[in-house]
Amino acid sequence: MSPSNGGGAGFEYNQELGGRAIPRSRDGSRSPGWDDPVDLDKDPAAVPDPALIDVPPELRREFEEIIGRYPERHSAALPVLAAAQRHHGWCSPQAILQAASVMRVTPGYLTSVATFYDMFELAPSGRHQVYVCTNISCSLRGADELYAALEAAVDGDPDINVRHFECLGACDIAPMVSVDQVYYGPLQTSDAERLVADLRAEREPLPELALALRPNADAALEEDEAAK
Amino acid sequence: MSSLLLMRDIDEPGLADIAVYERRGGYKSLRKALAMTSDAVLAELDASGLRGRGGAGFPAGRKASFLPKGDMDKYLVCNADESEPGTFKDRELMQKSPHMLIEGIVIAAHAAGVNHAFIYIRGEYEEQAKILDLAIAQARANGYIGERILGSGVSLSLVLHRGAGAYICGEETGLLDSLEGKRGNPRLKPPFPAIEGLYGGPTLINNVETLATMPHIIEMGGAKYAKLGVSGSSGTKVVSVSGHVTRPGNYEIDLGIPSREIIYDLAGGPPAGRQVKLWFPGGSSAPVLTAEDLDVPYDFDSLAKAGSMLGSGAIIVVDDSTPVLDVALKLAKFYRHESCGKCTPCREGTNWTVRMLERIDGGEATPMDLDIMASVQDHIIGNCLCVLGDAMAMPIGSMIVKFRDEFEAHLQSRQLAGAI
Amino acid sequence: MPRPHQNLITFSVDGREVQAPENMMLADAAKLGDVEIPVFCYEPKLGHPVGACRMCLVEIEGIPKLQTACSTAVKDGMVVHTQSERARVAQQAVVEFLLINHPLDCPVCDKGGECPLQDITFGWGGGKSRFIEPKRHFRKPLELSPLIAIDRERCILCYRCVRYSQEVAEDYQLVLLERGENTFVGTFDGHPYVAPFSGNIIELCPVGALTSRPYRFRARPWDIEGSGSLCTLCPAQCNVTFTVRDDRVLRVLARDHHEVDDGWLCDKGRFAYQAVHVDERITAPMIRDGGELRTVSWERALAEATSGLRRAGAKTAALAGGGATNEEGLLLGRLLRDVLGSPHLDSRSGGAVSLADWRALSDPALAATVSDLEFANAVLVLDCEPVDDAPILELRIRKGVRRNGVALLLASARPSALDPSATETLRFAPGRGAELAWALAAALQDGAVDAPAAAAGASAEEVRKLARALREAGEEIVILYGEQLLDGDAGGLLALADALGIAEIEGAGLIGIPEAANGRGLREAGVLPNGGPGFSAPPLGDGLDAAAIAAKLGDGELSALYLLGVDPLRSFPDAGAWEQALEHATTVIAHAAFLTPGVREHATVIFPAESSAEKEGTVTHPDGRVQRLRPAIGHPGDVRAEWRTLSELARLLGGAAGPATAAGVSAELFASVGLYNGLELEELAGHGVRWPARAPAVARSGEAAAKPKLRRAAQAKGGRLLLGSYRSIWAGPEVEASPALRFLAPRQRVELSPRDAAKLGVLHGEEVLVSDDQGELRATVVLRDSTPSGTAFLERDLARDGANRLRGPLVEVRTAPSGNGDVETLLGEEELTHA
Amino acid sequence: MSPAPSPSKGNWTPGDDQIAVQRAPEPGGAGGAYRAFGETLRGLKTTFARVVEGVNTIQYPEEKVAVYPRFRGRHKLHRFEESGLEKCVGCSLCAAACPADCIRVVAAENTPEMRVSAGERYAAVYEINLSRCIFCGYCEVACPFDAITMGHDYELSDYNRSDLIFTKEMLLAEPLEATPLRAQGE
């Protein structure tokens, strides 16, 4: 959706209208696919026939265990996709086909669900997921700068996927990050380099800033007051 | 100054473990509740005057009583998809005291005659989900969940369901669709979930804090609980304070204390030398209040009278160092990103608002655009399928009204900058 | 399942008192008072309203917020304002929001002129937009499938297409991707949306986002005329409107008939119209001259045919099929019986059923209607695959299951597309439907099940289970059966109907799906070896059935064959026998639109056949509804009405001169077919008439139920598999001839279970040879987990390598020698030019 | 009853129950002569005044009559100047607007190999039956792309009616001879 990828026929037509390019939407953080036609050589994507899809046995077991939790198999869509993503690193077409074959739904159904939710990666993604909350409370305390610092520190390393994220529900430790689903904060801009270095070294990043260590604010306040 | 219920033992080491929880008096209320009839439990909840802590503030007892009686599959869903910017109370409760929530769920299930319960927790809360998973396993092992709980006639299955990152799943019908494995699109109401909810069955949906309060209500009795707080807003409330305050965090308060007390005395007020410019009393979806409103009592009715709402009880404080336009743009972008896209006014209205705010920020707007923007907010409010559209339109609309001068000044300065 | 009971209430809309059924949605109820409430996402056929577009906001007194009229049921005394200030502001706001990203390219948009968004913008919009930011622009148009183009700029995300795919067609291929303002309609990983019913989304789309590729830019609404008629490509006989411009059919739209099609069409019905105007079509008479086909004048062709028939006389046989009308059937019967003195005519490929059984099967007491499928307690699908045999009925069955909780019970040889929706499924050996019916009847009456079940190749336990499910489902049971199961023996089916007491129960009944589109009508018009018009006793005694005709032609006992819209070499079983038969016949007269192999190689006279857009006459739906075909366009080239040719031949051969008009022939039909007595052509216009609805039920004589004739089911052995065959929805020369649909024209594929494939050492997608002692054909292996082990399924009615090349019952499957990858033209190698 | 007001007074209003009769002036006299010949003389004044201007006959067809700029003659189809692409996208709105039903448009789709117009579609067939056209100009008004305009050519006679069906190529081509236009104020 970026202004540059208007290679399509429609765009060319428009350009010839008086020779000026039509301005395009400047925003659109994640809208791949708008401009993609289907591949007419492919077969229609019906419910995959189990005879044609190989599912790794351990993954199949996990899928089946998840499906068994619910009264209705469709309910398992989110956890099954999450399991497939854990296994494949991202919700690849193959991962979705495997999940669809066990769940007996169409891969389209699962794709539709997966693209709705922010945590499913529909493109190959790094091993480490770093979510930076840039919503209101965090950004009031410098999250945007932190995000920029992290981006700079990662410097395009495909192994570490830094994404800005909507409110992660930890405004008390703003600005904060979620590293592989573990919360840390509050961070300084200067912590960015260290965080990335820790991740590259496969260490727990910023252990002293882990949310789990943090006491309740109310209790802490009372202790403070008692200390006074 | 405040009675601690939910936060009483919150930092007790190992509270997430069932042994510690039981030692601190956990699951006593459940035993008490199971000894009562479900109508009696319902009556206690009703008497407590407990209003839902998720945002809408609907009386919890009444809600539970809406479920039809009879022998059918009924469901209870605990809404733990805490995604409202500024809110983080449920996270702390689940992380530190998961058994309190489980106990509340079993009590509520008993009251409403439900035997299938789900906790829908947002996908980002992985640490909390793991803790809850463990806690559920422990509770099951100790007979608090399962067939014929503690020898009573009550049976309950409890499944933890993790979301995957969508604000709209905090909306109760969006949550149901998501739990059914679909895209989290809100449903048309009526039918309300109490009549036709999860898998088409009657469904009770409650927030984590609401459910976690229930053991305390049973323990102390509904009438006694009702004496806490003020009339119309009984009980205690965990308030998440964040933004420009020195001590952000969760504070349990008696409803009805002055808001200033929360922001200044508990959370420490804005950093030295700064003034409160505006504050959201109930999460980012609440219309903003200004420094003039700091003395409004923090309860459902007083905040409504002041033109805002208590919502999920999340106070976000913005001091005078931040331009109101930045706040508005941040919010509008958030709601645009989180709009599910199902209904027209929300999908297109959030998008249009962002585009207009960007234009204002870029100095390409005129004061007339502010009027258009205000009118667009008016057109969104009340016309959407669910409340997400309103959740953007209300705060932004209130900002345009209350900070119009600042918007215009901003416009002018940007236009001047552009001219140079 | 009780049908909805309607209670009238009175409410007020815009100051008018309106009576409406209680609980009707306001958007519909307001129409009863001539008040239109604009909607985009609301379409009752798609299930529950979703209230997504917010276009229908109206003010209801006593409710503080505006309500969506599409989801608000009317109540007695409700006062509604659709034009109050608040409602108008909200409606204008929604139009303004919708137009934010909708391009104003109406002049190039195919929907322009028939676009709900245009209409609603004019009717309810504010007339101006305050949105001055640049609109979104994307590449366009994009293919969604070879048949459908998608223009995402124009999409207003009303959900109709997606809901259709999920809740009506239930193929779940078309989905919404992404979220919020980035939402778009798409498919999994760029796969095309190809499904039997995909074209309906074009008609559903309220803007120009989904357009038909074959119709793209062909005409604007003011250039065209609509002409209502029927589709006669399959027995479902959907009601259609042909869009005609310059005497050419440019498009086919559904003409909603609740009792026939419910407003949907399959893609074959929607797009095969292109076959009307292709070069391959035969548009002039031809005769075989020195081994070569040659275009000739009508006089010459008629003379040739007359002399051929005169020579053969009573040694003439006739077959009718395809879209032949009742009138044509009647005239064919007269030509054969009255003029030529031959009793040998048939319209079915299976073994003959006794006349008594035919009469019993068409007893109005046993008849079910199409809408009974939707409201029955249970539907038993017996030996047929609705999506292939009468596609639109599949949607009806799905609707019943989804909306009304109808229990779907399936008994078929081949795994069905409906399996996932079924409460009970049962598999039996291919071609043993009659035996299975006996087994089920026995199980229901607690009789001996083992013998008939074994003959049917099914497990007795499963038969009992299915019978239990039938008994427990409730009283109203509709049996949808494929007439292929009446292979010489209708006794089992009648016994089953008796066991269920269907004749006595309102809402229960049978619907048989014939092989030919108008199979039921042809039968009732007397195209049966053992039955005259209206199942009267044939004047010349019983004739030969199709298989016997083939044999006798081969022996030389018969010498002429009259083919009315059917090519036995292609669509009748045992192609080998037919090859022999056609080779030995001295005269083969064919009414054909395309040079299918039998016609191309063996016809001595070819009369160009009409397409369904040109035909005039009546056809009979499987549920007994006599419907009227009306010509939408004139005959192209030298094509003449077929009834006229049949009349003319009869006259030339010395018979009586028949009526001079099509209406006259219809009148004769109604007079001479007892079942149709009293019908009038005028009352058939529009929705047709079900004759069983006005005929008295025939109390069946208490004759003892016939004894089952059980044939032994063959068993797979020695690495050889049991042969099953099916006719795909995409089979037929019309599909092969339509440029847009050609990509769907099937090529032979053999369906195997993964177990058998592993044993045989063949892989999915591999080319194999399938053979028996009769013949051999090439096919591509398709593995299906649900295919019963020991069975191989092949397709019938193909341009080449059709399953009828093999006789079975056992076939051998082996890897094909590589290298033979020739690409055939679908109708045949020869190109014929028409003078 | 009041007397009928005199017609010469101007406010001649007969009463409800009266019929007023207006009489012609008396014949004869100088007034009569003026009334008889005055108008003729006034006409002759114009005639004689033109005599001095000389011959004004136009030698059509050697000489063409100049038309006003807004004269509605034969239609023209237009192309974009820079790209040479046709402006017409084949939308058929002109055909819809045409009260004489004399326009026929059959559209087709542009392909990357064959680009005819600027939009997605173009007019594969564009015909105007000029023997039916009433030159009302509605087509010009209806056109959303200014692709068709009314030209100035008025020489539209032919020996054969079918030759008056103008095709797209004819409508796109410049006329062989331009029709002269009247100058400003002429």
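Bear in mind the structure is a predicted one, so any value in this text is a computation, not a measurement.
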J.: Report yes if some heavy atom in the side chain of C/E143 is under 4.5 Å from a heavy atom in the side chain of A/L40; otherwise report no.
T.: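 Yes. Closest side-chain heavy atoms under 4.5 Å.
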J.: Can you give me the closest heavy-atom contact between C/R179 and A/Y117, atom names plus distance?
T.: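 Shortest heavy-atom separation between C/R179 and A/Y117 comes out as NH1-CA, 4.2 Å.
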J.: Quick check on the structure: residues of residues 84-102 of chain A within a heavy-atom distance below 4.5 Å of chain C, by number.
T.: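 Under the 4.5 Å heavy-atom cut-off, A/P93, A/I96, A/L97 qualify.
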J.: Between A/K42 and C/P192, is any pair of side-chain heavy atoms under 4.5 Å apart?
T.: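 Yes - at least one pair of side-chain heavy atoms lies under 4.5 Å apart.
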J.: To the nearest 0.5 Å, tell me how far C/F184 CZ sits from A/D36 CG.
T.: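 C/F184 CZ to A/D36 CG: 7.0 Å, rounded to 0.5 Å.
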J.: What residues form a salt bridge (Lys or Arg N to Asp or Glu O under 4.0 Å) with A/E166, not counting sequence neighbours?
T.: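 Partners of A/E166 by the salt bridge (Lys or Arg N to Asp or Glu O under 4.0 Å) criterion come out as none, since no residue qualifies.
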J.: Quick check on A/D157: does its CG atom have over 12 non-hydrogen neighbours (other residues, nucleotides or ligands) under 6.0 Å away?
T.: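 Atom CG in A/D157 is packed in, count exceeds 12.
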J.: Shortest non-hydrogen contact from C/F188 to A/A45?
T.: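 Minimum heavy-atom separation between C/F188 and A/A45: CD2-CB, 3.9 Å.
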J.: Between A/L52 and C/R784, is any pair of side-chain heavy atoms under 4.5 Å apart?
T.: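 No, side chains not in contact.
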J.: Using a 4.5 Å cut-off on heavy atoms from C-beta on, say whether the side chain of C/D189 contacts that of A/T111.
T.: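 Of all side-chain heavy-atom pairs linking C/D189 with A/T111, none is under 4.5 Å.
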J.: Contact part of A/D41 toward chain C, heavy-atom cut-off under 4.5 Å: side chain, backbone, both or neither?
T.: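 Contact with chain C: none, neither part.
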J.: Below 3.5 Å, can you tabulate the donor-acceptor pairs from side chains in residues 97-109 of chain C to any protein atom, sequence neighbours excluded?
T.:
unit_1, atom_1, unit_2, atom_2, d
C/N101, OD1, C/R136, N, 3.4
C/N101, ND2, B/E348, OE1, 3.2
C/H102, ND1, C/R154, O, 2.9
C/D105, OD1, C/R154, NE, 3.2
C/D105, OD2, C/K140, NZ, 2.5
C/D105, OD2, C/R154, NE, 3.2
C/D105, OD2, C/R154, NH2, 3.1

J.: Can you tell me how far apart CD (C/Q166) and OG (A/S112) are? Round to the nearest 0.5 Å.
T.: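 The distance works out to 6.5 Å.
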J.: Applying salt bridge (Lys or Arg N to Asp or Glu O under 4.0 Å) as the test, list every pair that has at least one member in residues 161-171 of chain C; sequence neighbours left out.
T.: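 Listed by first then second residue: C/E170-C/R398, C/E170-C/R402.
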J.: Can you check whether C/Y172's main-chain N or O pairs, donor with acceptor, with A/T106's side chain at less than 3.5 Å?
T.: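 Yes; judged by distance alone, with no hydrogens or angles, the pair exists.
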J.: Nearest 0.5 angstrom please: C/L177 CG to A/T115 OG1, how far?
T.: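 OG1 of A/T115 is found 4.5 Å from CG of C/L177.
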J.: Is there a side-chain contact between C/H191 and A/P107 (heavy atoms, below 4.5 Å)?
T.: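 Not in contact.
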J.: Minimum heavy-atom separation for A/P44 and C/Q173, please, with both atom names.
T.: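 For A/P44 versus C/Q173, the nearest heavy atoms are CB-OE1, 3.4 Å.
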J.: Quick one, A/D49 with C/L783, criterion side chain to side chain contact (heavy atoms under 4.5 Å, CB included). Give me CA distance, side-chain angles, the key distance, then yes/no.
T.: CA-CA 8 Å; A/D49 197 300; C/L783 296 189; over 6 Å; no
J.: Please flag which part of C/S753 lies under 4.5 Å from any non-hydrogen atom of chain A: side chain, backbone, both or neither.
T.: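 Neither; nothing under 4.5 Å.
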